[in-house]
**Student:** 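Next up is a structure, given as structure tokens.
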Amino acid sequence: MLIVGIGGTVSPTSSSDGALRIALDEAQRQGAEVKIFSGDLLKKLPMYDPTDPDRTPEAQEFVEAMRAASGIIISAAAYHGSISGMLKNALDYTEDMARDERSYFAGIPVGSIAVAKGYQAAVNTLSTIRMIVHALRGWPTPYGCVVNTATDEGGTGVAGAEEGLRMVASEVVHMARAFESHAQIVANS
Ligand SMILES: Cc1cc2nc3c(=O)[nH]c(=O)nc-3n(C[C@H](O)[C@H](O)[C@H](O)COP(=O)(O)O)c2cc1C
């Protein structure tokens with residue numbers, strides 16, 4: 001079972017990257033194979049062009065990992081009331097999966113993590129991730145983790161959110177296993 005983590009920013013001390021790595025650590029602890037596509041890779045993806053079928057090696061690797069995933073975890077920093085342009089551009093590459101037998105994120109669980117300097121932006125960004133996941137026919141998992149990095153305003157930062165970050169991963173792994181056993185029952189019936 002492969003769980004793919006997508007997110008983080010270009011910041012060398014990215015908190016949304018750190019949050020994603022904690023969640024992926026939990027997925028791995030629960031027996032999943034994990035792969036991360038963070039700022040260092042996402043920043044190399046050219047602006048998604050649906051009219052040009054040529055893809056860079058990085059873009060091909062990214063799309064193939066999303067195709068192979070049994071579950072996804074998205075970790076977004078709040079940028080001006082939404083997710084960053086870099087992360088949105090990466091998620092636009094799912095358009096290459098539109099005509100796959102399993103189109104976009106159909107039938108797979110997607111966990112959401114939102115990081116911001118304040119709860120309001122974090123919660124708005126969490127909703128944005130879930131709206132994108134719905135558009136991609138994915139299954140947003142019930143618990144979404146918001147991380148407030150404004151510690152001077154009562155935020156707990158990434159370290160204080162560890163339990164919630166592990167919960168996101170736990171639900172993704174749980175749902176991925178449930179979906180896979182359902183698919184096996186249907187195939188054998
Ligand atoms: C371009 C930009 C826009 C931002 N917009 C918001 C915002 O609208 N609301 C907010 O609470 N924080 C905002 N922030 C703060 C980030 O969400 C916050 O610092 C987050 O921890 C950054 O994630 P990172 O550490 O992974 O880079 C913004 C930061 C940047 C760089």
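Counting convention: from 1, in listed order, for ligands and their atoms alike.
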**Student:** Side-chain contact test, heavy atoms from C-beta onward, threshold under 4.5 Å: evaluate it for Phe37 versus Glu61 and give yes or no.
**Tutor:** yes
**Student:** Please check if any side-chain donor atom of Ser170 sits under 3.5 Å from a side-chain acceptor atom of Glu26, or the reverse.
**Tutor:** no
**Student:** Under a strict 4.0 Å criterion on non-hydrogen atoms, which protein residues are in contact with ligand 1?
**Tutor:** Thr9, Ser11, Ser14, Ser15, Ser16, Ala77, Ala78, Tyr79, His80, Gly81, Val115, Ala116, Lys117, Gly118, Ala121, Thr149
**Student:** A side-chain contact here means heavy atoms from C-beta on lying under 4.5 Å apart; do Thr141 and His174 qualify?
**Tutor:**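 Sidechains of His174 and Thr141: no contact.
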**Student:** Once side-chain contact (heavy atoms from CB on, under 4.5 Å) is applied, do any residues pair with Tyr143, and if so which ones, sequence neighbours excluded?
**Tutor:** Cys145, Met167, Val168, Glu171
**Student:** Heavy-atom count check: over 12 atoms from other residues, nucleotides or ligands less than 6.0 Å from Gln60 CD?
**Tutor:**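 Above 12, so yes.
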**Student:** Strictly by modelled atom types, are Asp49 and Thr51 linked by a side-chain donor-acceptor pair under 3.5 Å?
**Tutor:**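 Yes.
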